Protein chains: 2
Amino acid sequence: MAPSKSESAYRLLHERITEGTFSPGYRLVLGTIAAELGCSVVPVREAIRRLEAEGLVTFERNVGATVAAADTTLYLHTMQTLAIIEGAATALSAPFIDENQLAAARAINQAMSDLLVDFNAPRFTQLNNEFHQVLYRNCPNPHILELVHRGWDRLAVMRSSSFTHIPGRARESVKEHAGLLDLIEAKAPAAQIEQAARAHRTTTLNAYLAAASLPASPL
Amino acid sequence: MAPSKSESAYRLLHERITEGTFSPGYRLVLGTIAAELGCSVVPVREAIRRLEAEGLVTFERNVGATVAAADTTLYLHTMQTLAIIEGAATALSAPFIDENQLAAARAINQAMSDLLVDFNAPRFTQLNNEFHQVLYRNCPNPHILELVHRGWDRLAVMRSSSFTHIPGRARESVKEHAGLLDLIEAKAPAAQIEQAARAHRTTTLNAYLAAASLPASPL
DNA sequence: GTGTATGAAATCGTATACGATCCAGTGTGA
DNA sequence: TCACACTGGATCGTATACGATTTCATACAC
């Protein structure tokens, strides 16, 4: 069956926001979006409220909705949250990763490694996303999986605007990926995998925190 | 300013669902709720979609909304998620807990201890909630705090229906609380507090898992 | 020049209305 | 008896309409 109009509106807006077409601060006017979609404002409202619940949009009464702002603090909090959730997701997922998936992850990481000589940030980011998805995809707890996705979405919104890559981090990142894969392949204890996956993200987080003269994350 | 009608509807439904007035499976009919609130269906729809995004309600197209079902698997997944998030929230909160808060937490735990002789499950649950709130309330990361609240809400929905207390667990619980408070007071490392807070919840989770002949949580 | 009042335009919030869809109960034929 | 088509009622999905609120530009007073 054709998706409902509110569903279509949701998907369109979600895509535009995470892809960066609508960047943080962009004003989402009900009437305008409704006109573009060829529907009335009611389904658009619903879609926007959904996006609000996911943290991609902020909504103010009688004023309207804007794509969530990307201030540094929020970004860092989101990263910290994702470090925790994704670490757990990866650890829980590990026992269910089969050889094909492991091989796929190694291939992606190799591609990332190859990219280091002629660096291309968007491509690198994309491969990085794919890599991590393979690692947490098998997590048997759907709530955790959902939280991971929401975390990635939030980061995507903000990254599309203004957060720069840290020099030298790409190379480290590839190494850490390899280490993670080794742990998974060796069927290391869950706690150890969790710790490694979390640290992988926390390292980046702490680099940003240091750049902002803030103390490192205690976790 | 008076809250918007959609806000009122949201609050009413949220309360009724988490308090257990509307138990899992209860059918939320737009027209009925609208009539009760003295408003039209539009704001009610919005409220229900919000509850859906929070996982308290399931919504099916052209069919309607029901309070989220409470099957065992879901319940256990929610507990596992909360163990992880709340553990982190407690650890991050710890450095910001002042002496008054610590004293309040000790008082609550003492009340729980006193309750052991003449056990009263609802009262015990309530004190337990208050205790944990004091412990994670100061978490400086608002995303994590929000996730903790959502987790508690989800658990509240399901608990109000059918999950029974585990014999002897209350006494253990009080002891674990005391241990946690000691760690916080001693300004133990964040990782250690996280571990203890998580374990406190995981122990209960594993008891349920064992009762359902399922393997223990690896985290 | 600064600050405040004012009015119009833009936008939101919600009621109402009606077509679309689902569901349950009934009747028919094999 | 069972499977299946049919129908009426309940409920949902969304368009439209209009009052309420905010915002911003303009004009005026000091």
Side-chain angles (χ1 to χ4, degrees), chain A residues 1-17 21-71 157 161, chain B residues 1-17 21-71 157 161:
Chain A
M1 156 151 34
S4 69
K5 303 205 172 180
S6 107
E7 184 69 24
S8 311
Y10 170 77
R11 287 193 203 155
L12 179 81
L13 292 175
H14 188 282
E15 186 183 330
R16 293 224 180 143
I17 291 171
T21 313
F22 291 166
S23 19
Y26 185 91
R27 180 99 192 277
L28 299 170
V29 178
L30 295 180
T32 310
I33 295 165
E36 187 185 343
L37 274 158
C39 71
S40 77
V41 299
V42 180
V44 177
R45 255 185 92 83
E46 214 173 275
I48 286 179
R49 292 311 272 249
R50 260 175 87 179
L51 293 165
E52 187 199 12
E54 291 171 12
L56 268 51
V57 154
T58 59
F59 196 91
E60 205 182 340
R61 177 154 180 216
N62 279 321
V63 175
T66 56
V67 176
D71 80 274
V157 180
S161 69
Chain B
M1 159 155 28
S4 69
K5 304 204 171 177
S6 109
E7 185 67 24
S8 311
Y10 169 77
R11 288 194 201 155
L12 179 82
L13 293 175
H14 188 281
E15 186 183 331
R16 293 223 180 142
I17 293 171
T21 313
F22 292 165
S23 21
Y26 185 90
R27 180 98 191 279
L28 300 170
V29 178
L30 295 179
T32 310
I33 296 165
E36 189 187 339
L37 276 157
C39 71
S40 78
V41 299
V42 179
V44 177
R45 256 185 91 83
E46 213 174 275
I48 287 180
R49 290 313 271 254
R50 259 175 88 178
L51 293 164
E52 188 199 11
E54 291 171 13
L56 268 54
V57 153
T58 58
F59 196 91
E60 205 181 341
R61 176 152 180 215
N62 279 322
V63 174
T66 56
V67 177
D71 79 273
V157 180
S161 68

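Please read all numbers here as calculations on a predicted model, not as lab measurements. What's counted below: heavy atoms across the whole structure, side chains too, no hydrogens, waters or symmetry copies. In what follows, chains carry the letters A, B, and so on, assigned in the order in which the sequence lines appear, proteins first and then strands, with residues in each chain numbered from 1.
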| request: Taking the side chain as every heavy atom from C-beta outward, state whether A:Leu30 and A:Ile48 have any atom pair closer than 4.5 Å. | output: yes
Taking [X] first and then [Y], would you say they form a salt bridge - that is, a charged N and a carboxylate O separated by under 4.0 Å?
| X | Y | value |
| --- | --- | --- |
| A:Glu7 | A:Arg11 | yes |
| B:Glu54 | A:Arg50 | no |
| A:Glu36 | A:Arg16 | yes |
| B:Glu46 | B:Lys5 | no |

| request: Under 4.0 Å between any heavy atoms, over every strand shown, what does A:Val63 touch: base, sugar-phosphate, or nothing? Just pick one. | output: sugar-phosphate
| task | Please work out if B:Arg61 contacts a base, only the sugar-phosphate, or nothing of the nucleic acid, heavy-atom cut-off 4.0 Å. | result | sugar-phosphate
| request: At the 4.0 Å heavy-atom cut-off to chain B, mark where contacts on DNA chain C begin and end, going 5' to 3'. | output: C:dT14 to C:dC23
| field | Comparing A:Glu60 and A:Pro3 on DNA chain D - which has the more 5′ nearest nucleotide | value | A:Pro3
| query | 5'-most contact on DNA chain D: A:Val42 or B:Gly64, nearest heavy atom basis? | reply | B:Gly64
Between [X] ([atom1]) and [N] ([atom2]), how many Å, whole number?
| X | N | atom1 | atom2 | value |
| --- | --- | --- | --- | --- |
| B:Asn62 | D:dC12 | CG | P | 9 Å |
| B:Leu28 | D:dA10 | CG | C1' | 16 Å |
| A:Arg27 | D:dC24 | CZ | C1' | 12 Å |

| said: By the definition side-chain contact (heavy atoms from CB on, under 4.5 Å), identify the one residue from A:Val67, A:Val157, A:Leu13, A:Thr58 that meets it with A:Leu51. | reply: A:Leu13
